[in-house]
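A, B, ... follow the sequence lines: proteins, then strands. Residue 1 opens every chain.
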There are 2 protein chains.
Amino acid sequence: MSGEAAFIAALRGLASHPAARGLADDCAVLELGGETLILTHDMMVEGVHWLPGQDPADVAWKLLATNLSDLASKGAEPIGVLLGYSLAEDNTRFAAGLSAALTHFNVPLLGGDTVRNPGPQTLGLTALGRATHRPVPSRSGAKAGDGIWITGPVGAAMLGFEALSAGNTSADTSADTSAYRRPVPRLAEGRMLAPLVTAMMDVSDGLLLDARRMAEASAATFALDPGAIPFPAALSAERKRDALGWGDDYELLFTLPAGMRPPCPAHRIGTVLPRADAPLLLGGAAPEGPLGYEHC
Amino acid sequence: MSGEAAFIAALRGLASHPAARGLADDCAVLELGGETLILTHDMMVEGVHWLPGQDPADVAWKLLATNLSDLASKGAEPIGVLLGYSLAEDNTRFAAGLSAALTHFNVPLLGGDTVRNPGPQTLGLTALGRATHRPVPSRSGAKAGDGIWITGPVGAAMLGFEALSAGNTSADTSADTSAYRRPVPRLAEGRMLAPLVTAMMDVSDGLLLDARRMAEASAATFALDPGAIPFPAALSAERKRDALGWGDDYELLFTLPAGMRPPCPAHRIGTVLPRADAPLLLGGAAPEGPLGYEHC
């Protein structure tokens, strides 16, 4: 909406620090004392970013994982996180899930704040990381001729969300919901790729939308080959277009110079072209319909 | 409540990183690349931390100021902030207030996130600073014989809150509400004091409560002289005890070795004693009644 767009634009205008690519690029990049810091802050709201009946342990995991995914897209090594937590009736499952996730990703909780909020539970997490390669990968470096790659399939989180919604249960721990409940940030892949890529980002809002964003930031056109895009085996052919516009998979989307192959498993899904009228082509044509989840 | 206390305790247990004094001490202190970083994250909720009718520009100011006050208590120089913002119907006043506050305190907005939240507006801010003196002041260094000092009066925010509540207006810009609406973090004082103090913190939750916390952290008893505590001129004598248990003034409370005088305006309000039965004495006796605002 226009008021919101104006607010976001105002915030972006405020983010005038040379290091502050944050509001445009999910992360802030800051030179400090010989290190390059990466900072990101994401919020999650009950009923908006997770299903009301979901296990709070999964919510804690996802809150951490999505922020770490932003660090992964910069090739950063996590240093620590700060938690903003609005208290629920029972907080034990959240604490257990957060503990498990912090241990799994070997990240310390550095601090934070707790509040009472009479409305839907609202969570925020700030993640701090250290760049392992400079310059830090951005969205804006893709060059005509580069290959377009992705580290894994798109659509698994969509299927997981649908299974969880249908079952309406928080106890469902079957593998087909885990992609939605417990995404795994591509931290190791991000570090391996950072020295090689011309551009990189995580796919949080839908492959088509995020690919278009990268194309726009790079002043290029991204031509995607629909036949080359990886999907989960369980996805039916008629759901593929939906999956292209669904987010939450947290794979890394990146570009490599022509002829270069990535040092980790990944799929080549297209080629960067000189900027044409459309920033994004899917099978040669600008895709119709929703490209992904447009953040407010 | 016990469940909440258990959750906070669990989070504190998670904050096992050597640098992570955060959940006990409002700030995380982190050595990185030859610098000492200070990190803090505070949340504010509509109807809990501000009056529903308040000017969003004041809310933005206060959100920034309270986080910068945590940096001030560490003698830190602000580097930048990240904002977690749940969108309201009209966001223009918030953006204007945030812009004014960022300019006033010369702090860049590095990034952040916006969400839709159908409940009360919930805001989070992460502030990042650079220590100007090491070791970084903490709450735990006060020694028997030290003088106890405060940079300014307590009770002005209480009077401001009461005036604002009574007037029920967001347009009231008279001086008597500004202490509540637009607190000023003692950044310059914090930097001047950091090399000298044995302990320091900002008074956010009430002088008596915060003094007791510092006494407990320092394993000492703090003896406060009620006649020496500064109050605003507008405060009547019978409200002084209320003011001692009211927070939001964001003055710095600190201890100095016997005989040392501070390099900035401040009031000596007591003396650190060896730890006795009571951690806090007011006019020679343990104070009765509420000491301050106990965070959930």
Side-chain angles (χ1 to χ4, degrees), chain A residues 3-4 6-8 10-11 14-17 19-23 26-28 30 32-35 37 39-45 47-49 79-80 82-84 86-87 90-92 94-95 98-99 102 108-120 122 124 126 128 130 295-296, chain B residues 3-4 6-8 10-11 14-17 19-20 22-23 26-28 30 32-35 37 39-45 47-49 79-80 82-84 86-87 89-92 94-95 98-99 102 108-120 122 124 126 128 130 295-296:
Chain A
E4 289 166 10
F7 177 71
I8 306 293
L11 289 184
L14 294 179
S16 55
H17 194 273
R21 300 190 300 208
L23 289 158
D26 289 338
C27 284
L30 204 62
L32 191 81
E35 294 273 4
L37 289 186
L39 286 154
T40 184
H41 179 80
D42 275 348
M43 299 178 87
M44 287 174 58
V45 179
V48 178
H49 298 89
I79 293 172
L82 290 95
L83 171 69
S86 68
L87 291 155
D90 182 354
N91 303 291
T92 52
F94 186 91
L98 184 64
S99 176
L102 291 167
L109 177 65
L110 299 177
D113 195 14
T114 57
V115 292
R116 285 168 209 282
N117 182 340
T122 303
T126 301
L128 174 71
R130 177 195 288 115
H295 277 268
C296 53
Chain B
E4 288 166 12
F7 177 70
I8 306 292
L11 289 184
L14 293 179
S16 56
H17 194 272
L23 289 158
D26 289 339
C27 285
L30 204 63
L32 191 81
E35 295 272 6
L37 290 186
L39 287 154
T40 184
H41 179 79
D42 276 348
M43 298 178 87
M44 287 173 58
V45 179
V48 179
H49 298 89
I79 294 172
L82 291 96
L83 171 69
S86 69
L87 291 156
E89 285 293 302
D90 182 354
N91 303 292
T92 51
F94 186 91
L98 184 65
S99 176
L102 291 167
L109 176 66
L110 299 176
D113 195 15
T114 57
V115 293
R116 284 170 210 281
N117 182 341
T122 303
T126 301
L128 174 71
R130 177 194 289 114
H295 277 268
C296 54

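- Proximity of B:T126 to A:L128: side-chain heavy atoms (C-beta onward) are nowhere separated by under 4.5 Å.
- The CG atom of A:L39 sits 6.5 Å away from the CG atom of B:L110 when rounded to the nearest 0.5 Å.
- Heavy-atom pairs under 4.5 Å with chain A were tallied for B:G119, B:P118, B:G33; the largest tally goes to B:G33.
- Atom CG of A:L83 and atom CE of B:M43 lie 8.0 Å apart (nearest 0.5 Å).
- Scanning both residues, A:R116 and B:V48, for their nearest heavy atoms gives O-CG2, 3.7 Å.
- Across every non-hydrogen atom of B:H41 and A:D113, the tightest pair is O-CB, 3.2 Å.
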